[in-house]
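Worth saying up front: this structure is predicted, and the values here are computed from it rather than measured. Chain identifiers are assigned alphabetically (A, B, ...) following the order of the sequence lines, protein sequences preceding nucleic acid strands; residue numbering begins at 1 within each chain. The figures that follow rest on heavy atoms only: side chains count, while hydrogens, waters and symmetry mates do not.
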Protein chains: 2
Amino acid sequence: MNRSGSTKERILAAAETLFAQRGFDGASLRQLTSDAGVNLAAVNYHFGSKEKLVEQVFRRRLDTLNAQRLAALARVAGQPETRLEDVLDAFIRPALELSHEDSGSLFMRVLARAFAEHDDSLRKFLSENYGHVMRQFTAEFARLLPQLSKEELYWRIDLVTGALTHAMSGFGMIQRKSDVSERTHREQTVAHLTRFAAAGLRAGA
Amino acid sequence: MNRSGSTKERILAAAETLFAQRGFDGASLRQLTSDAGVNLAAVNYHFGSKEKLVEQVFRRRLDTLNAQRLAALARVAGQPETRLEDVLDAFIRPALELSHEDSGSLFMRVLARAFAEHDDSLRKFLSENYGHVMRQFTAEFARLLPQLSKEELYWRIDLVTGALTHAMSGFGMIQRKSDVSERTHREQTVAHLTRFAAAGLRAGA
DNA sequence: GTCTATACTCTGATAGAC
DNA sequence: GTCTATCAGAGTATAGAC
């Protein structure tokens, strides 16, 4: 039972952990509130419903993550010497850094699960709140890949998204070996993802 | 209410439809058995549990799908003139053909959802029953990409799997235009997926 | 405002009559 | 093989204590 922080914060922390471990449906509010050391009804009082709680778990992390992505994008967007790999790096690296924090790795599992589950209301929430991030990246991809039609570009970005989501979910084969430092492993992972995605985006060019 | 076929078959058909529409947790056995025109308890009598019913919904389609994949692979595996694109085609085309059948498209959504949800028991079932298919394809990829280390090959196949799963789930941007025939659209989709995946697999080669 | 106790409906599962 | 009745556990809503 976690007794540090406010009731809301304790619920959010317990929810992130439990959602990552058991999924959104698998995590019951009774278990969750018990872990957080709060009353069952506190979830509905503070968040309105389990679904809204899920959204807040996302917002807490994604606001930071996407701000970092846009800051990284701003450093390379529109520059004449920018390579495709630089844009992919701006998108991938913040997510991977988050996934290697203590509790961040749990969150990346939650995030990948959410993208994957195709829950319409959750996707709508993500699209409404963070769609502008994807649009900015798409515009820069379009600048660097002028030979692709709009349809082809959307298609390939969609495939890249699928690959990245899958890889970041933690269920891939990416595993750090004991003789490789955390930092080195992360750099290798970024390099792997970036190389694959860049080649796919450039296919046939 | 569907009244054709045996009780088991009516349950399986109703389950495939409802799982695709609402997900595994979102589809209640009460709704499902009502749609099938059978008693609530019939699911547990015929299948043992909701989870086993899910497995049978998969087995009914995957046995055929993976047999087609292996047959297509056998036609190109080990041949000196085989290209990477031929192997990818053998993997992708059967899935896309299934996804364009009347009820098959529903199943592809169910399948993508299952891969995505990271449900451990379901993944274990899929791995135990169809892992040999992935192993045969991996062996052929290894033959055609000898410059890749084992680790790199597994990595890239994992990324390809993520991209394809995402695309086939029906939530991508793939939409047939009214002036394109169903068959033409499918061919375009296969071509798109194959080109992207082949470029990603060959990256840096 | 914050929190708790409690009850209501719906879920999957199961025992036992037929 | 099928159905009814029933169960424990789920999310949710609310009255009322502090």
Side-chain angles (χ1 to χ4, degrees), chain A residues 1-60 110 113-114 117-122 124-125, chain B residues 1-59 110 113-114 117 119-122 124-125:
Chain A
M1 189 186 297
N2 179 1
R3 291 215 169 275
S4 64
S6 69
T7 297
K8 275 186 85 162
E9 285 166 357
R10 291 213 303 273
I11 291 172
L12 283 168
E16 188 170 270
T17 302
L18 210 58
F19 288 155
Q21 290 169 345
R22 311 204 182 173
F24 302 121
D25 289 296
S28 77
L29 290 185
R30 283 168 175 80
Q31 177 70 53
L32 196 157
T33 51
S34 172
D35 289 354
V38 303
N39 185 272
L40 166 64
V43 169
N44 273 306
Y45 174 74
H46 286 286
F47 298 94
S49 68
K50 185 179 183 180
E51 188 179 344
K52 301 269 188 174
L53 169 60
V54 172
E55 290 182 359
Q56 290 307 310
V57 169
F58 279 86
R59 193 183 290 280
R60 193 168 67 133
V110 175
R113 208 186 262 266
E117 281 190 5
H118 299 310
D119 182 282
D120 285 341
S121 59
L122 186 55
K124 190 182 168 204
F125 166 81
Chain B
M1 189 187 299
N2 180 1
R3 291 218 168 274
S4 65
S6 68
T7 296
K8 276 186 84 160
E9 284 164 358
R10 291 213 303 276
I11 292 173
L12 283 169
E16 189 171 86
T17 301
L18 210 59
F19 288 156
Q21 289 170 346
R22 311 202 182 174
F24 301 119
D25 288 296
S28 77
L29 289 185
R30 280 169 177 81
Q31 177 70 53
L32 197 157
T33 50
S34 172
D35 291 352
V38 302
N39 185 273
L40 166 65
V43 168
N44 274 303
Y45 174 75
H46 285 288
F47 298 94
S49 70
K50 186 179 183 180
E51 187 179 346
K52 301 269 188 172
L53 169 61
V54 172
E55 291 181 0
Q56 290 308 308
V57 168
F58 279 85
R59 192 184 290 280
V110 176
R113 210 186 260 268
E117 282 191 3
D119 182 282
D120 285 342
S121 60
L122 186 54
K124 189 180 168 203
F125 166 81

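- Ring geometry for A/Phe58 against A/Phe24 counts as tilted: the plane angle lies between 30° and 60°, on a 0 to 90° scale.
- Computed from coordinates, the A/Glu51 CD to D/dG11 C1' distance equals 12 Å when rounded to whole Å.
- The nearest whole Å value for the distance from the CG atom in A/Asp25 to the P atom in C/dC10 is 18 Å.
- Here C/dT2 presents its P atom at 12 Å from CZ of A/Phe47, a figure rounded to the nearest Å.
- In terms of heavy atoms, B/Leu53 sits closest to B/Ala15 at CD2-CB, 4.1 Å.
- In this structure, B/Leu40 places its CG atom 10 Å from C1' of C/dT14, rounding to the nearest Å.
- Regarding A/Lys50, its NZ atom lies at a distance of 16 Å from the C1' atom of C/dT9, rounded to whole Å.
- Nearest to the side chain of B/Ala41, among D/dA10, C/dG1, C/dT14, sits C/dT14.
- Rounded to whole angstrom, the span from the CZ atom of A/Arg22 across to the P atom of D/dG11 amounts to 12 Å.
- The distance between atom CZ of B/Phe24 and atom P of C/dG12, rounded to the nearest whole Å, is 14 Å.
- Listed nucleotides: C/dC3, D/dG11, C/dG12. Nearest to the side chain of A/Thr7: C/dC3.
- Of the candidates C/dA13, D/dG11, D/dT12, D/dT12 carries the atom nearest the A/Ser49 side chain, counting heavy atoms from C-beta on.
- Separating the CD atom of A/Gln31 from the P atom of D/dA10 is a distance of 9 Å, rounded to the nearest angstrom.
- Within the 4.0 Å cut-off from OP1 or OP2 of D/dT2, not a single side-chain nitrogen or oxygen of B/Asn39 is found.
- Minimum atom distance to the side chain of B/His46 is reached by D/dT2, of the listed D/dT2, C/dA13, D/dT4.
- Summary of the strand contacts: A/Arg30 and B/Arg30 both lie near DNA chain D, and taking for each the nucleotide with the nearest heavy atom, the more 5' one is attributed to B/Arg30.
- Taking 4.0 angstrom as the limit, A/Tyr45 places none of its side-chain polar atoms (N or O) nearer than this to OP1 or OP2 of C/dC3.
- With rounding to the nearest 0.5 angstrom, the CG atom of A/Leu32 is 8.0 Å from the NZ atom of A/Lys50.
- Here B/Thr17 contributes atom OG1 and B/Leu12 contributes atom CG; the two are 11.0 Å apart, rounded to the nearest 0.5 Å.
- Taken from CG in B/Asn39 to CG in B/Leu29, the straight-line distance is 11.5 Å, to the nearest 0.5 Å.
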